[in-house]
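What follows is a short report on a single structure.
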Amino acid sequence: MLPYILGFDKALDYVLPEALARSPAGRALELGSVVQVPVRGRPVHGWVVEIDPEPEPDIVLQPVTKLMGIGPSAEVLDIADWACWRWRGRRARFYNLASPPRQVPREGPREGPRQVQDLARSQSHTSSFASELFRLAPSSRIWPVVASVLKEGSALILFPEEVRASKLARYARRQGFQCVLWPEQWERAAQGGCSVVGTRSAVFATMPEVSSILIVDEHSEAYHETWQSVTWHAREVARERARRLDVPLRMTSPVPTLEALKDTEVVTQPRKSEREGWAELVIADLRERDHPGLFSHQLTEQLQGASRAVCIVKRTGVSEARQQLARLLREPVGMITARETEAETARVLIGTTVALRRVDRCDLVAFLEFDMLLASPHYRAEEVALALLAEASRLVGAKSGSGRLLVQTRQPDHPVLRSVAEANPEIFSKHDSQLRQDLLLPPFAAVAKITGEEAEEFVKVLRSELRNADAADIDVMGPDQEGTWVLRSGNHETLCNFLLTISEIPESVRISIDPPSL
DNA sequence: CGGACAAGCTGA
DNA sequence: CAGCTTGTCCGG
């Protein structure tokens, strides 16, 4: 069993006492079951990762003290192991993500393990796995896609936000579908016979059968976990899980990422519908302006005509811009920042990009400093800027309504803006694809960012290891001004397999695979 | 991770 | 040299 001790990634062997060995529901213990065991006399939870292991000699086995409940299925343990390989993570982290937040009691009807395990452990079959991306304008309903997926059987459906996930689960149930929310209804999901809806970590939901996986708004940054040492992406986990299960992976997005477009069939709406589903874009070309400042005449004009407007500015300068705007409009301006919300009922609101998620309805979103977004020092800056416009477009509604997007810029012909103006995200993805191919950035390369106190020392070790392993086709770059090194390879197999051979990683060194910024 | 124990530092 | 900090090791 693998103890839930971060920084300890080794399975330990225990004996199961007779008293715990039997259970009315069948086998008491299966792969993934959560047990309590003593580690150095301390009670610790952990996951069963092997049953009847070959006991190592000269070790006195301690008994398991408690059965805590069911855990991730063998299939999920396997995909979690894959995630550990792919992002160089620790098993306990991913197993914990895949487990119920609060242990499910052992009692209750539970059928014996189904064919899940056989399915999971047989990985190498010729696959008819297909992935499909539905490019849907921001205001288009996704329900038709969701419904078609629900009709096929027990689907696994991911949303970027909890609110949307639970709303959809409720709606689906009203429409007569068996549909549960993960992780709240963890046990029902594990029993099978229903579709499962959740956010990022629901990609590790235990389900006896999965008919297909659907990722709604695949471009959302919410699918990319970058918290502390854990870096992983739910879309990539879903892709691998679908491939292993040999079921279709489906995605929706108004602004598909290059990652999603890779090896995927794109299904588009009729041009007319897609055009209709984007909001009207008004561009204020700042180069044409005679006086400097944050407020173009198009902006004042649009703000005066709006019944409710949100202005987006950069983090520094929200309150100053707010004062200026209030003076200009001669009315109070509400403020929304990451920390606080003030005067939310005002007709005009100002805030950073997070404000888009705090407002439920408006008919104008104005980006006052759009070029700042485009120029963020990250290789995904433009992609993120386009995603924000899609998000804003969804907020203000389709062309048929009165909703508008206003962008102040000195680059009115930027591919991001042309994509929105023409309701054609392909304009941007072609541009971005070319750029990333030229610069060898993801998804056209696999990269590992190495940071931390002892990074320099560690990279020296990596370099010498690379010289020894003559086959590895990996570049080492760095350091940059921030003391960051980057490993780059043409594919993840090469990169991750190489990293797997490095057993000793200093405590302070952090390796993030395909981070959002380099 | 967190405890156990060893080795190093300090102050009387 | 006790008493405290910091480091290293290890778990079945």
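Chain letters run A, B, ... following the sequence lines, proteins first and then strands; every chain starts at 1.
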Salt bridge or not for [X] and [Y], using N-O below 4.0 Å?
X      : Y      : result
A:E152 : A:R250 : yes
A:K449 : A:D514 : no
A:E259 : A:R380 : yes

Around A:Q437, counting heavy atoms of other residues, nucleotides and ligands shown, do more than 12 lie under 6.0 Å from its CD? yes

Under 4.0 Å, counting only non-hydrogen atoms across every strand here, what does [X] touch: a base, just sugar-phosphate, or nothing?
X     : answer
A:L61 : sugar-phosphate
A:V37 : nothing
A:F8  : base

Please state how far atom CZ in A:R93 lies from atom P in B:dC1, giving the value in whole angstrom units. 8 Å

Atom CZ of A:R91 and atom P of B:dC1 are separated, to the nearest Å, by 17 Å

I'd like to check A:L518 versus A:V447 (side-chain heavy atoms, cut-off strictly below 4.5 Å). Are they in contact? yes

Below 4.0 Å from chain A heavy atoms, what is the first contacting nucleotide of DNA chain C and what is the last? C:dC10 to C:dG12

Testing the 3.5 Å rule here: is there a donor-acceptor pair between the side chains of A:S131 and A:T264? yes

